[in-house]
Every structure is written in C-alpha cells, then in structure tokens.
Amino acid sequence: MSTEQPTSTPLFSELGLAAPILKAVQEAGYETPSPIQAQSIAPLLEGRDLLGQAQTGTGKTAAFALPLLSRINAKAKSPQMLVLAPTRELAIQVAEAIQTYARHLKGLHVLPIYGGQSMGIQLRQLQRNPQVIVGTPGRVLDHIRRGTLRLGELQSLVLDEADEMLRMGFIDDVETILKETPDERQVALFSATMPGPVHRVAKRYLKDPIEIRIETKTSTVDTINQRYWQVTGTHKLDALTRILEVEDFDAMIIFVRTKNATSELAEKLEARGYSSSPINGDMNQAAREKAVDRMKKGKLDILVATDVAARGLDIPRISHVVNYDVPYDTESYVHRIGRTGRAGRKGEAILFISPREKRMLFAIEKATRQTITKMQLPNSEDIADRRVMQFNQQLSKTIESQDLAFFQNVVNDYQQEHEADPLEVAAALAYLVQKSRPLKPVKHVEARPARRERESRNDNSDRPSRREGKPPRRTNGSAIREAEAGMQTYRVEVGREHGAEAKNLVGAIANEAGIDSKDIGRISLQDNYSTIDLPEGMPKDLFQQLRKVWVCNKQLEISLMNLNSPEPREQGDNSERPRKAKRSGKPRTRARDKARRPSQRREAKKD
Ligand code: ADP
Ligand code: MG
C-alpha cells in the first residue's frame, strides 16, 4: 500500500476490538492497521456514523467489519449488519472477508445476496437467520419488498464503494433501503471519490459523521518507459499477440479486470505458445506462490493477473507490464507498473486504452507527471523482421555452440548425391524449421472495420463508460433498428418518464442477469418503455427472472421485440427470426455460467 502510515500507528490490540475478532485478525497475519483502519475502528466501535474516503486496496473492509462485528450479538437471530456493494463480485468478496474476520464468533452467519442467484436459494439461506447481509442494492431491495428481508433490528448499515453504486445507477435504490432501516442505526459510507450525489446522500442520512480522508501520494516511476495503444478495430488479443512478437521481454505481467479473464487470457496465450499462468484471488495461497516461484525460476514467462492477486509481487525478471484492461484509478496504475523496473532496472509499461477511456489516460499522466507515449501496433513486416532476426540469432548460436560434425556429413552427403546448390539446401532447411512459426507471417486479417459504437463496446473492458458516470451506448432515436448479429432486441417497460437512464438498465441487468455489461448492446430510451439489445437466446429462467427486476420503482417486464409489429412477444416465440450463427450463443452461455458459479460455490461451502 502506498498510503502514508502515520508515525505512531496503533496496534490492533490497542483499538478495543472484541477478543474473537482480534484473534481472527492476528490469524489473518495483519501486523498493523492500515491508515483508514487506524482512524475508523475507534469511532465505529463507539457507534458513530462515518464518512470515509480512501482508495481501493487501503483495507476498507476490515476498517468497518472489525468494529461492527465487535458490536454484534451473535446470539440474536435477525439481521444486524447490512453491507451494500455495487457488484456481485464485490459482495462475494466482502462477504468472504467478513466471514474470515468473524470466524471465531460462534453462531454468526454471513450471507451474500446478489442478482443472478436463484431466489429459492437465497430464501432458504435467509431463513437460517444470518446476522450479517452483504448484497447488491437491487437484490436487497427486492427482498425487502417481498418481505423476506426484515431490517427492523438492523444496527449498522455500510455503503461500500458508494461512488461506484452511483455510477451503476443504484443510488436511488440505496436511498430507498436507507429509508427502510431503523432511525437509530449506525451508517458508514465509504467511497474512493466524493461526487455530489454521494455527498448529498451522506449529508441526508448520516448523523454527525466523523469524516476521514486518506490522502494517497502517487510516486513517479522514472525507470519505466510508458506507452499506450489506442484500442481501435483490432481485437485486443490480436494486438497483444503482435506486441508479444516484437517486444524484447524477459517476463511479463498482464493485468485484466476479472478472475475469469485471467484464466481465459492465460489459456489463449498458452495456446499461442507462450508459457502463461493466471494468478487471481480464487487460487489459494499455495497455488499463487507456485506460479510466482515458477516465474522467478524462468519456467513461466507471463502471468495474467488481477490487481488483488498481483499486489506486492516482487519478481526482478518482470521487464514488461501490460494493462490489458484499464485500471480503475491512477493509484492502481502506479501499483501495477511498479511490478517492473524493480531495483533500479529498466521496465516497460504498455496500456491499452479505448477512446472512451481516454480520460483515465490523462488522469494517469497528470498523477504520475509523466507523458505516456502513443505506440503503433507492429505490422506483419515488423513481425517478419523480428522473426528473421531471432532466427539468425538462433543460427549463430547453434553454429557457435553445437558440435555439428554429424549434421555436416548428412548435408554433405545429400548435396553430393543430388548435386544440389548448398544455398538451396540451407534454404530448404530454414523452411522446415520455421513451419510452426513462419518467418514470413501471413498478413493479419484486420478485425471488421466496425461501426464506432460497436468498436468502443467490444474493445472496452468490463465496465465501459460507467467509470465516467456517462450513460453507455444510449440512443434517443425513436426508430428501432435491427439488432446486431448475435443480439436480440428486448423491450422493457421502464422509460424516461419513470426516470430511467441507460446506466440504470445496464446496472440492473448486469447484476441481475450476470450478463457482462460489455455484452449489453444498444439501449434506446423511449418515454414509457425502452429497448435493449442482449445476447441472443436468453435462457427462459433468466428471462423470467429479468421480468421481475425493479428499476426506478418499476418492474422491467422484459419482452422480446418483434421488429415487424409493435407488440412485444413472449420469450421463446422467436420462430420467424432466422437463427444466427451458432457462435453467437457462446458469450451468453458464459455470462450465465459466470452468474451461476459463485452461487454454487457458496452453496457447496455452506452445506
Ligand atoms: P479496499 O476495500 O480498501 O479496496 P480491502 O479491504 O479489499 O481494501 O483490502 C485489500 C487487501 O488488503 C485485502 O487483501 C486485505 O486482506 C488486505 N488487508 C487489509 N487490511 C490489512 C492489514 N491491516 N494488514 C495487511 N493486509 C491487510
Ligand atoms: Mg473494498
């Protein structure tokens, strides 16, 4: 962590935490409280409201969980603590962290609830009387409305990553939930930034809060050469492959946003001949250490990592850091690129940035007070040059270091027998060895010169424009156009009149359906309804679930649009629509799998 430690950091044992909590913290191996923890724990233990501003990775979860858990009565069987988090991933992550901190509190149950998980499972789990609930706002509100989550006994409410909840369009839901909680509950609000609406919520609902702001200093890294590639028509994977071809790298770490992406990308690179491994928070400590160790020993050249998994990695061999997905903030950019250029060595940092993410590029330049130069992707000539050069090097090295007597005889015999030209023989041999990696690469087929809209969507990472608080891919036109290949247009009964913005729809659908926001297509807001393009062939149960999702106090009542008639159709009645290519079904299936997996995992753990 690059946060400055106050000169006299208290010890965890001096903060007044309950004994079982202190024990768990010590077992977690935390030595001293982080700055936000040092400042938050005492006031939260006293029952005060709190407004905390601190960057990602500064230990906010423990900052609220340790004191609030210390105040919980594990014998009581009603929800006492509620944490709202913007995404399913974060809800799970926070619930797991809380579970760790609460492991010595007998009888304490922590339950994550989030969209995309079956209501049935959640209802069953709610009946087990969890004292701590961690959930996404949409789903929590849903349970409150159904009467399956009662907050009458709630002691504390935490709004984690409030600015992100705002960006995802959940701030109204958050307010509604706040109103459903008892007046005397304690509220802690954490946010990396403090935009107006978040501040307004804080002012309205927090009582005389203690305000904590942890300043982070961004150190400059001048031994690292920084470049960016503007993501355009070329697919990011294709771009990365070309860069790998020509960059002179020893070991490399590639940052992506999600755990799933670490495995997917590592597999693809492995298939392209690079020894790669994912490193993510799902892997246990031993597996992570093994990957790091293999990289240190030169058995592995590429690690594909999430920010969390790569925190603090110190591998001198790492010559390159690639930001395949843009970091969430300038701090994490600095952390990421700090994995190279260690101990005074030179390092290279490459950032993929889409036009929509340009603002982050400027922010990084400002924060690091360094310019990041634009790079061009290597073309096939560059790649050919490079391969020929490597081939020549290999040749010289072989001539220098190998005993070639036997092979000289083989070639000599051949040449004499066939009266062949020695140059021709050598050329034929060169041809044979390069087959799997041609010296003259086939010209890359450029990705379709896509429409601008499509480009920025595909090339963006997980959360395209939400970071900028802008409604994504919004069109206002009243004309409804045919959906793009692989997509179907749906109608939802929530429109401008209801106060909906595109981001509300994206947030709700991404969370509830487990559809990656980048798979959500064009959104067109009308007065009393909207249309939205989603991956083709949505499973029926998912469809039914989406019908009931609430946005702006209205249920979506999603239906499939028939473009030839204004009347919406029921899901499944898509017989007159020509089936698109098989391939198009894939992303959807995966999104669905992703949605299912964490819930199953938790289920398995609980039972
Ligand atoms: P934030 O919510 O601020 O982004 P987290 O609460 O997720 O940060 O914590 C980031 C990481 O730091 C986690 O892996 C957590 O286990 C670790 N961590 C938190 N507090 C401490 C501490 N006092 N000492 C060591 N590690 C800590
Ligand atoms: Mg956090």
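For ligands, and for the atoms within them, numbers begin at 1 and follow the listed sequence. In this chain, residues are counted from 1 in sequence order. These figures come from a predicted structure and were not determined experimentally.
Note on Lys207 versus Asp49: no salt bridge recorded, every NZ/NE/NH1/NH2 to OD/OE distance being 4.0 Å or above. With respect to the salt-bridge test (charged N to carboxylate O, under 4.0 angstrom), the residues Lys299 and Asp293 do not qualify.
Checked by atom type, the side-chain pair Asp163/Ser191 shows a donor-acceptor distance below 3.5 Å. When only modelled atom types and interatomic distance are considered, Arg139 and Gln122 share a side-chain donor-acceptor pair under 3.5 Å. For the residue pair Tyr333/Gln226, the side-chain donor-acceptor check at 3.5 Å is satisfied.
Taking 4.0 Å as the cut-off, Phe12 counts as a neighbour of ligand 1 on heavy-atom distance.
At least one N/O-N/O distance between Thr32 and ligand 1 falls below 3.5 Å. Of the N or O atoms in Gln37, one or more lie within a sub-3.5 Å distance of an N or O in ligand 1. Between Pro33 and ligand 1, no pair of N/O atoms sits closer than 3.5 Å. At least one N/O-N/O distance between Lys60 and ligand 1 falls below 3.5 Å.
Remark: ligand 1 atoms within the under-4.0 Å shell around heavy atoms of Ser34 are 23 (N). Residue Thr61 approaches ligand 1 through these ligand atoms, each under 4.0 Å from one of its heavy atoms: 2 (O), 5 (P), 6 (O), 7 (O).
With sequence neighbours left out, the side chain to side chain donor-acceptor pair (under 3.5 Å) criterion links Arg185 to Thr181.
Of all the listed residues (Tyr328, Phe64, Tyr30), Tyr30 holds the heavy atom that lies closest to atom 18 (N) of ligand 1.
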